[in-house]
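First the structure, in the form of structure tokens, and then the observations on it.
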There are 4 protein chains.
Amino acid sequence: MDNFQIHFGHITHPTQQKILQSAVKIFSQKGFSGSTTREIAREAGVSEATIFRYFETKKDLLLALISPSMVKSITDLFVDMDGESEENVLKNFLKRNAEAIKDNQDLLKIILYEALFHPEIKEIIFKEIVQKKTRLLESYFEQQKRDGQFKDIDSKTATQTLIGMLIGFQLFKYAFPSQDTNPKQENDILDDIIRIFLYGMKK
Amino acid sequence: MDNFQIHFGHITHPTQQKILQSAVKIFSQKGFSGSTTREIAREAGVSEATIFRYFETKKDLLLALISPSMVKSITDLFVDMDGESEENVLKNFLKRNAEAIKDNQDLLKIILYEALFHPEIKEIIFKEIVQKKTRLLESYFEQQKRDGQFKDIDSKTATQTLIGMLIGFQLFKYAFPSQDTNPKQENDILDDIIRIFLYGMKK
Amino acid sequence: MDNFQIHFGHITHPTQQKILQSAVKIFSQKGFSGSTTREIAREAGVSEATIFRYFETKKDLLLALISPSMVKSITDLFVDMDGESEENVLKNFLKRNAEAIKDNQDLLKIILYEALFHPEIKEIIFKEIVQKKTRLLESYFEQQKRDGQFKDIDSKTATQTLIGMLIGFQLFKYAFPSQDTNPKQENDILDDIIRIFLYGMKK
Amino acid sequence: MDNFQIHFGHITHPTQQKILQSAVKIFSQKGFSGSTTREIAREAGVSEATIFRYFETKKDLLLALISPSMVKSITDLFVDMDGESEENVLKNFLKRNAEAIKDNQDLLKIILYEALFHPEIKEIIFKEIVQKKTRLLESYFEQQKRDGQFKDIDSKTATQTLIGMLIGFQLFKYAFPSQDTNPKQENDILDDIIRIFLYGMKK
DNA sequence: AATGAATGAGATTTCATTCAT
DNA sequence: AATGAATGAAATCTCATTCAT
């Protein structure tokens with residue numbers, strides 16, 4: 001609805017595409033266990049039997065959504081930290097990530113929440129998302145410290161803090177949207193977040 | 001297991017207590033939809049019929065865990081912002097919340113996950129947790145700004161940012177615990193987080 | 001409600017009385033299989049366990065309501081056919097029966113419905129109600145035929161016909177009461193029924 | 001068993017037909033609440049799950065039997081009052097109805113008895129059966145009165161009386177069949193009933 | 001390639017009944 | 001005499017999955 005139509009690049013058959021898209025929609029609304037193959041089939045406009053032609057089990061359907069290649073295609077979009085100033089670098093990073101999150105909110109919702117109960121999903125997240133982002137930021141912070149720009153604050157902590165800020169921003173934006181938690185413009189909020197973080201880090 | 005035995009203060013009957021505790025354990029491991037009343041009964045050492053003597057439906061069992069009074073008893077523990085210095089005030093706040101989270105991790109996991117799919121739960125969280133913490137922090141920030149201590153950064157944003165930091169900290173601590181994401185001592189990490197935030201906010 | 005409080009004469013204990021009365025109420029509203037001992041207990045203001053102190057099984061509770069002595073106490077009220085004229089005799093008969101039905105409608109509803117599914121109840125009805133009424137009427141008709149008052153119509157048929165008329169009257173009165181099926185006064189209707197029957201039978 | 005195989009005209013699928021027929025059989029033997037879906041499934045030679053493929057709930061299965069269209073198909077068979085003499089007209093009416101009842105006894109048993117506990121069923125009976133028969137007879141009686149054939153007896157009462165007679169006849173025929181309540185031939189009994197009624201009504 | 005039909009296994013819920021107090 | 005607590009057994013209903021076409 002307020003979501004892009006995800007295209008599952010490595011999947012060829014249009015029926016399979018429809019099923020995957022419907023699964024994203026239903027799973028994100030009701031969770032994996034709370035969804036039925038019947039609903040997904042109905043949403044996709046196919047019979048339940050058809051789902052099982054393409055995916056051996058319901059769990060396989062979930063895992064197809066979260067295949068490493070799938071996750072990679074989301075996270076690889078923005079791997080570089082660039083920009084003319086520190087402020088710009090971080091702002092670019094946050095903004096690109098905010099956009100990637102926005103474009104894939106339903107899928108991310110599924111991934112994050114099902115990770116709680118499926119270790120293999122947690123593993124994928126950790127390897128494909130957490131570690132990558134973490135390393136990227138950590139090495140950036142190390143660089144800045146070496147250049148004498150940043151305080152001597154542990155880079156892991158700084159990384160987790162920044163990611164936490166991003167998550168907090170998303171949380172209030174998506175989880176409690178109508179409740180006017182913050183009337184400011186998204187862009188201004190991101191600017192403020194960066195200000196807090198940067199001035200906190202800078203010498 | 002790695003969790004305190006929660007005591008549901010307003011519940012009188014020991015059997016009911018056992019059922020609630022078992023429900024917390026099972027729901028937190030498999031999610032509400034993924035759990036069966038049979039498992040909960042087995043865990044509690046009672047028959048399934050006994051569960052339904054105390055809770056009309058499975059959903060009612062979930063809601064009993066998340067009753068406003070329940071949630072209140074968690075969140076009301078620490079309502080004051082106090083301490084001799086700003087640093088101390090914030091550190092106290094974060095630490096107390098970190099402890100409250102630790103003591104109730106299973107229950108919080110359930111609440112956060114199920115809030116996604118049950119609007120009435122989201123409502124409770126919003127009213128009993130988000131709004132309370134938010135207001136507390138916001139008024140503290142407003143005070144600091146008035147006193148000329150803090151920069152003129154939007155208090156809502158500052159609040160969301162600080163909460164995000166806390167969430168980030170928890171996330172890495174609980175979601176990816178074994179993966180040595182951060183070897184530093186918990187206390188030191190909190191100190192660093194506060195340093196970043198405070199120096200970001202201070203004039 | 002619109003029903004007398006039946007008193008189960010041979011029952012001594014007040015708790016047992018209450019249970020029987022509640023059973024009549026609930027069974028008549030939902031049928032035997034559709035009622036639960038819980039409802040009956042609640043209605044009687046006792047615990048379910050108490051019901052089973054007085055009645056070994058739920059079925060025994062039903063049978064206690066329909067014990068021959070119970071049924072006898074209803075039907076024996078009016079055993080004579082008397083009156084100064086044929087018209088009066090029949091009218092007295094119909095009226096007394098209409099009253100007996102009115103005073104025991106809930107119990108009769110139960111008896112009639114459950115007779116369908118419990119042969120032992122059907123047996124009781126047949127012996128205690130049908131046969132008695134039937135014999136009474138048949139011998140009256142035989143007498144009238146012998147006296148040259150009535151046509152030579154089979155007495156069994158006449159009996160069944162008259163009873164049918166009474167049932168029809170009751171049916172419209174109780175089954176479709178609000179639907180204004182017949183605005184006339186009850187007494188006038190009975191008069192008309194008797195006129196039809198009597199003029200049909202008389203030579 | 002002693003019943004025609006009802007064909008549910010508007011239902012297409014043979015499995016659904018089998019289920020409906022089995023439901024008629026079981027419900028008529030044990031009542032709705034006293035029957036289990038397991039028995040019905042066994043009788044129909046399908047799994048319980050299959051029943052719920054065709055009928056969302058057990059109650060829906062009951063209501064499908066008593067759908068207005070179903071009831072209509074029974075009662076619409078005989079709507080005309082015709083014949084050369086009054087005697088013939090009434091005899092035709094009673095006979096046709098007696099036949100319709102015979103052909104659908106199990107279903108009628110269900111309808112009549114469940115109407116006691118399910119207002120929506122009572123409603124259907126009233127609209128589809130009672131009102132139709134009632135109107136038909138009432139207008140016939142009005143006509144006869146206008147033609148000077150019948151006494152000035154209230155037409156509603158006359159109608160209820162005649163219907164009562166028919167019910168009485170059926171009752172003794174079906175409810176106490178083996179007990180030799182009436183050894184006369186069915187046809188003769190109907191003749192007698194009509195004689196009583198007609199001579200009761202005629203001027 | 002797609003599906004209508006069917007179901008086994010199991011989930012939730014109900015309910016008559018027991019029993020210790 | 002009465003009941004709160006508990007439950008075995010069964011009832012209704014669900015759902016992922018299979019299979020013949």
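Everything numeric here is computed off the predicted structure, so don't read it as measured data. By convention in this document, chain letters (A, B, ...) are assigned in the order of the sequence lines, proteins followed by strands, and residues within each chain are numbered from 1.
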Lys/Arg N to Asp/Glu carboxylate O, R53(B) vs E48(B), below 4.0 Å:
no

Checking all strands, does S35(C) fall into the base, sugar-phosphate, or nothing category for heavy-atom contacts under 4.0 angstrom?
sugar-phosphate

So does T37(D) get a side-chain nitrogen or oxygen closer than 4.0 Å to the phosphate oxygens (OP1/OP2) of dT12(F)?
yes

Quick one: CG on L116(A) to CG on L112(B), what's the gap to the nearest 0.5 Å?
8.5 Å

Give, ordered by number, those residues of residues 43-51 of chain D having at least one heavy-atom distance below 4.0 Å to an atom of DNA chain F; if nothing qualifies, reply none.
E48(D), A49(D)

To the nearest angstrom, the CG-P distance between L61(D) and dA11(F) comes to 16 Å

Secondary-structure string, 5' to 3', Watson-Crick or G-U under 3.5 Å, | for another-strand partners, for DNA chain F:
.||||||||||||||||||||

On DNA chain F, compare the nucleotides closest to T57(D) and K58(A); which residue's is nearer the 5' end?
T57(D)

Tell me the interatomic distance from E39(D), atom CD, to dC13(F), atom C1', rounded to whole angstroms.
17 Å

Of all nucleotides in DNA chain E that come within under 4.0 Å of a heavy atom of chain B, which is furthest toward the 5' end and which toward the 3' end?
dA11(E) to dC15(E)

For the pair F55(A) and K58(A), evaluate side-chain contact (heavy atoms from CB on, under 4.5 Å) and give the outcome as yes or no after the intermediate values.
CA-CA 7 Å; F55(A) 306 95; K58(A) 188 188 170 194; over 6 Å; no

Euclidean distance, atom CZ of residue R53(A) to atom P of dA16(F) [Å, nearest integer]
19 Å

Hey, is K30(A) close enough to E39(A) for a salt bridge, meaning N to O under 4.0 Å?
yes

Kindly state whether the ring of Y113(C) and the ring of F117(D) have centres lying under 6.0 angstrom apart.
yes

In whole Å, what is the span from the CZ atom of F32(A) to the C1' atom of dC15(F)?
12 Å

Starting from P on dT7(F), measure out to CZ on R38(C) and report it in whole angstrom.
16 Å

Given DNA chain F, 5'-ward residue of the pair Y54(C) and F52(D), judged by closest heavy atom:
Y54(C)

